[in-house]
Protein chains: 2
Amino acid sequence: MTTREKLLESTADLLATEGLAGVSARSIAAHAGVNQALVFYHFGTVPELLEAAVRRSVDLAVASYRDRFSDVRSLGDLLALGQDLRRIERRRGNVAQMAQVMAGAQSSEALARAGWYAMQQWSGELEGVLARLLVGSPLEGVVSPAGLARAVAASTIGLELYGGVDEAGAGSALGSLRALASLVPATGGGGPEAG
Amino acid sequence: MTTREKLLESTADLLATEGLAGVSARSIAAHAGVNQALVFYHFGTVPELLEAAVRRSVDLAVASYRDRFSDVRSLGDLLALGQDLRRIERRRGNVAQMAQVMAGAQSSEALARAGWYAMQQWSGELEGVLARLLVGSPLEGVVSPAGLARAVAASTIGLELYGGVDEAGAGSALGSLRALASLVPATGGGGPEAG
DNA sequence: GTCTATACAGAGATAGAC
DNA sequence: GTCTATCTCTGTATAGAC
């Protein structure tokens, strides 16, 4: 593993576990077991390292689901995949990472770019599936696949943050969304937020 | 206006406009036009000041809607109120404030408490209305008012953060949620996320 | 309650030897 | 590419005069 890779990985780790406030050139370098000055040698500034780390996490994560996304044939399939995906990505810390980056977007151009990119990648993937599934469904023409995909992604971020301050509350929120999803007409379950 | 109040107000302002990273004892004091040491005299630590400021913002905001909440008689009414509320609170910066506090919950007990409290107040209010409205509706027994209220609140936080990195994307997401809401059975419009 | 002054830790970042 | 050393700034927090 190169120094660059160690730094990228450590940054992603720390961002997910400690939040933005716990991420500094010093903490990253310590966690990676490399010298602090190398952060600046390889990435210029800390926000740029953060951006690179998030892009890498997202690219890896999205790519790991590409086959499963293209196998989806029904809203039921999508629902099942969504549940899996949510569970796995939360454990990996990728959802928390995105939430932190988006919260920090106000104070850094690089973080804003990273947040934009991450949302773009995930919702782009989901949008492709939704576009296929909505053809011929009662929802066709009523909701746009692009908007729906983005709504699901944004709500996931919100639920992640909420879970950080009230786990039980977030659980009940998710339960209600699942219940609502089961009401989507003519699909037998599988609404958008159900994952 | 007392020094205490100036500090609370300035903290809320800065949190909404600059984000957590832009909030420090120095910046707050400068914005309030008071001496920096007074932050510690009145509130002990910076996170405690943040907590107090958020509680105050939330209490004031929620109280200002209490009458309108209790006037709601139909999902249509709720939808209209939700749109108003969302527009006004976003402009006031209260949504951004909550998003920042929840993102910082990882690094501070006080912020976690503040985030919990804010979500509790807003969803408690909404839950009361939903509990009334769901009686006799097709959704009664299918979704819990408590969970639904929390899902709406959490999604609002997520959309706020997303809007910070991609305004157009967040707009399309909101549009899709409105479209979905119009499909809620037997109500003629007025689903949960539509506000 | 408010002010000045200051201690001290940790942040980002760079210079220069290796 | 890597390491040591260091500069500078900004952050929290406190002591003590007023």
Side-chain angles (χ1 to χ4, degrees), chain A residues 1-54 56 97 100-101 103-114, chain B residues 1-54 56 97 100-101 103-114:
Chain A
M1 210 169 174
T2 69
T3 293
R4 253 190 95 88
E5 281 164 345
K6 278 190 235 171
L7 285 171
L8 289 169
E9 194 124 312
S10 295
T11 303
D13 267 18
L14 281 174
L15 190 54
T17 57
E18 312 291 332
L20 254 187
V23 179
S24 70
R26 292 188 211 273
S27 68
I28 294 165
H31 190 267
V34 306
N35 190 281
Q36 181 249 121
L38 296 175
V39 166
F40 303 97
Y41 174 77
H42 285 288
F43 297 96
T45 68
V46 171
E48 280 167 332
L49 166 53
L50 281 163
E51 181 182 0
V54 169
R56 174 173 165 278
Q97 225 175 289
Q100 290 297 315
V101 160
Q106 260 166 326
S107 51
S108 154
E109 264 303 312
L111 291 187
R113 277 194 305 270
Chain B
M1 210 170 175
T2 68
T3 293
R4 251 190 97 87
E5 283 165 344
K6 278 190 236 172
L7 285 171
L8 290 169
E9 195 123 311
S10 295
T11 302
D13 266 19
L14 281 174
L15 190 54
T17 57
E18 312 290 333
L20 255 188
V23 179
S24 71
R26 290 190 213 272
S27 68
I28 294 167
H31 190 266
V34 306
N35 190 281
Q36 181 250 121
L38 295 175
V39 165
F40 303 97
Y41 174 76
H42 285 287
F43 297 94
T45 69
V46 171
E48 281 168 330
L49 167 52
L50 281 164
E51 181 182 0
V54 168
R56 175 173 165 279
Q97 228 175 286
Q100 290 297 313
V101 161
Q106 261 166 325
S107 52
S108 154
E109 264 303 311
L111 291 187
R113 278 195 304 271

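Scope of the values below: all heavy atoms of this structure, side chains included, with no hydrogens, waters or symmetry mates. Numbered from 1 within each chain, the chains take letters A, B, ... in sequence-line order.
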Exercise for review: Quick one: do V23(B) and L49(B) satisfy side chain to side chain contact (heavy atoms under 4.5 Å, CB included)? Show the steps, please.
Suggested key: CA-CA 11 Å; V23(B) 179; L49(B) 167 52; over 6 Å; no

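Between G22(B) and V34(A), it is V34(A) whose nearest contact on DNA chain D lies nearer the 5' terminus.
One atom, CG of L38(A), and another, P of dG12(C), lie 15 Å apart when rounded to the nearest Å. At whole-Å resolution of the value, CZ in F43(B) and C1' in dT14(D) are 18 Å apart. With rounding to whole Å, L7(B) atom CG is found 12 Å from dG1(C) atom P. The distance between atom CE of M1(A) and atom P of dG1(D), rounded to the nearest whole Å, is 16 Å.
Among the protein residues, A37(A) comes within range of the nucleic acid bases, having at least one heavy atom under 4.0 Å from a base atom.
For N35(B), the listed nucleotide lying nearest its side chain is dT4(C); candidates were dG12(C), dT4(C), dT2(D). Taking the side chain of F40(A) as heavy atoms from C-beta on, and the options dA15(D), dT2(C), dA13(C), the nearest nucleotide is dA13(C). Looking at the side chain of Q36(B), the nearest of the listed nucleotides dT4(C), dA15(C), dA13(D) is dA13(D). Side-chain proximity of Y41(A) to dT2(D), dC3(D), dG1(C): nearest is dT2(D). When distances are taken from the side chain of T45(B) to each of dG11(D), dA13(D), dA13(C), the shortest belongs to dA13(D). Relative to the side chain of H42(A), the nucleotides dG1(D), dA13(D), dA15(C) differ in distance, and dG1(D) lies closest. Side-chain proximity of V46(B) to the nucleotides dA13(D), dA11(C), dT2(C) is greatest for dA13(D).
At dG1(C), none of the side-chain N or O atoms of T3(B) fall inside 4.0 Å of OP1 or OP2 (strictly under the cut-off). Between S24(B) and dG11(D) there is a side-chain N or O to OP1 or OP2 distance below 4.0 Å.
A donor-acceptor pair under 3.5 Å is formed between the side chain of Q106(A) and the backbone N or O of A16(B). Within the 3.5 Å criterion, the main-chain N or O of S107(B) finds no donor-acceptor partner in the side chain of E18(A). Looking only at distances, no side-chain donor or acceptor of Q36(B) sits under 3.5 Å from a matching main-chain atom of R26(B).
Looking at every heavy atom in both residues, V101(B) comes nearest to A114(B) through CG1-CB, 3.9 Å.
A donor and an acceptor atom never sit less than 3.5 Å apart when one is taken from the side chain of R26(A) and the other from the base of dG10(C).
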